[in-house]
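Note that the structure is a prediction, hence the values are computed from the model and not measured.
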Amino acid sequence: MTPDPAPEVLRYTAFSADPAGGNPAGVVLDASGLGEEAMLAVAAELGYSESAFLTERTGEGAYTIRYFSPKAEVPFCGHATVATALALAERDGPGELVFATAAGPVPVTVVREGGELRATLTSVAPHVEEIAAADLTEALAALDWTAAGLDPALPPRIAYAGARHLVLAAATRERLADLDYDFARLEALMHRLGLTTLQLVWREGTEVFHVRNPFPVGGVVEDPATGAAAAAFGAYARELGLVPEAAVLTLHQGTDMGRPGTLTVELRTGDARIRVSGSGARIG
C-alpha cells in the first residue's frame, strides 16, 4: 500500500513584512488527509509557536481550521490565522474569508496596500474576568515579578477573544524587558487556569503598548507576535475604560526577541468583537 504523500507545509511570518520579524507559522492549505497526531507531528517538527491546518473547504472562501503548538492543539491562534489568510490570498487573490475555529467563526479580510498584503481578523465575542488573588500571587512568583512592579492603572485580568490570556502590566519598560521565568511553575498555573499565554504589557502612550507573551503550555518560552492575545487585550482595554470605545491601538511585540512585529487592534462602537490587523511574508 502506498503511503499518503507528505502534506505541503508553507512557512509564513505574521505581523511583519520582513521574514526575519514577526511570528513564524506553518500553514497547510490542504490538511484533509491528516489526523490529529499527524498535525501535531508537523507542528512539533516545525517548532513554531503554532501551525495552522485547513481541514475542510465548506464554501467560497470558507474553511475549517485547526491550530497546533508543538505540544498541543489550541482553540484559536491569531498569527497563524493571518499567515493562512495571506497564503490563500497569494494563491487565490485578496478578498473575504471565514475560518471555522474551535472558538467560533472568524472572518478575515485580506487587502493589498501598495505592494503589500494585509489581513484583518475579527474575533469572536470577547469577555474579561477577575483573577483570584492567590492565582495572581502564583503568577507573579513564577515570573519573579513583584506586585510593586505592576502598573496600578492597568489591573490584572483574564481576557478572552478566542483564547484565555492573563494580562499583567509592567510599570516600566525595563521590567518588561527582563523576562526570565520559571517555565514549569508557570506552565502548571496556566494549565490549571486554562490560559493560552500571558499578555505582559507596558504602556508607552495613550494607544501604544509594548507586549510580550510567555507560552510554556505550547512548549515555547515566548511567542513573538500574538494575535489572539492582542484581540483579548483590546477587549481588556475597552472593558476597563483605558481607551475610548472606538480606538485603534498599536502593539509592538518581538523586539526583545530580535523579531520585531506590529499588531494593529481596532475597537468599533457598537461591536464587541475586536479586529486585529497585520502584514506578513513568506519564509523561504
Side-chain angles (χ1 to χ4, degrees), residues 14-15 23 25 50 52 54 58-67 74-86 88-89 94-111 113 117-130 154 157-167 194-199 201 206-209 211 213 223 225-253 261-280:
F15 301 115
N23 196 352
E50 278 107 354
L54 297 182
T58 56
E60 185 66 29
Y63 299 86
T64 300
I65 190 169
R66 296 177 71 176
Y67 309 95
V74 296
F76 175 63
C77 172
H79 88 274
T81 298
V82 167
T84 303
L86 295 175
L88 287 170
E96 303 292 330
L97 301 164
V98 178
F99 294 127
T101 79
V106 175
V108 183
T109 300
V110 183
V111 298
E113 296 180 352
L117 289 170
R118 188 172 180 85
T120 300
L121 68 86
T122 300
S123 78
V124 299
H127 62 261
V128 179
E129 62 191 70
E130 300 273 355
L154 281 71
R157 293 289 190 276
I158 293 174
Y160 169 90
R164 287 164 56 85
H165 307 268
L166 172 58
V167 180
L195 301 175
T196 298
T197 73
L198 265 62
Q199 177 80 327
V201 309
T206 305
E207 297 179 347
V208 179
F209 300 84
V211 302
N213 286 79
D223 204 18
T226 318
F233 181 73
Y236 161 91
R238 181 169 57 193
E239 176 77 15
L240 272 66
L242 303 174
V243 298
E245 185 178 354
V248 176
L249 314 180
T250 300
L251 275 57
H252 297 290
Q253 189 174 351
T262 302
L263 302 90
T264 302
V265 178
E266 183 186 358
L267 313 178
R268 295 185 182 179
T269 302
D271 189 346
R273 300 172 302 169
I274 312 299
R275 288 161 177 82
V276 179
S277 303
S279 58

Can you list the steps and then say if Q253 with T226 is a side-chain hydrogen bond (donor to acceptor under 3.5 Å, both in side chains)? CA-CA 8 Å; Q253 189 174 351; T226 318; 3.0 Å; yes
Would you check, one step at a time, whether the test side-chain contact (heavy atoms from CB on, under 4.5 Å) holds for D223 with E50? CA-CA 9 Å; D223 204 18; E50 278 107 354; 4.3 Å; yes
Pair H165, F233 - check side-chain contact (heavy atoms from CB on, under 4.5 Å), show working. CA-CA 8 Å; H165 307 268; F233 181 73; over 6 Å; no
First locate atom CG of N213, then atom CG of L198, and finally report the distance between them rounded to the nearest 0.5 Å. 8.0 Å
Drop me the distance from R66's CZ to T101's OG1, to the nearest 0.5 angstrom. 12.0 Å
Run the side-chain contact (heavy atoms from CB on, under 4.5 Å) check on F99 and L54 step by step: do they pass? CA-CA 9 Å; F99 294 127; L54 297 182; 3.9 Å; yes
If you compare all heavy atoms of V248 against all heavy atoms of E207, which two are closest, and at what distance to 0.1 Å? O-OE1, 3.0 Å
Min side-chain heavy-atom separation F15-L251 under 4.5 Å: no
Rounded to the nearest 0.5 Å, what separation is found between the CG atom of L242 and the CZ atom of F209? 6.5 Å
Residues forming a side-chain contact (heavy atoms from CB on, under 4.5 Å) with E113, sequence neighbours excluded: V111, R118
So T250 and T262, side-chain contact (heavy atoms from CB on, under 4.5 Å) or not? Walk me through it. CA-CA 7 Å; T250 300; T262 302; 3.8 Å; yes
To the nearest 0.5 Å, how far apart are CG in L121 and OG in S277? 7.5 Å
One should read off an interatomic distance between R268 CZ and R273 CZ, to the nearest 0.5 angstrom, of 8.5 Å
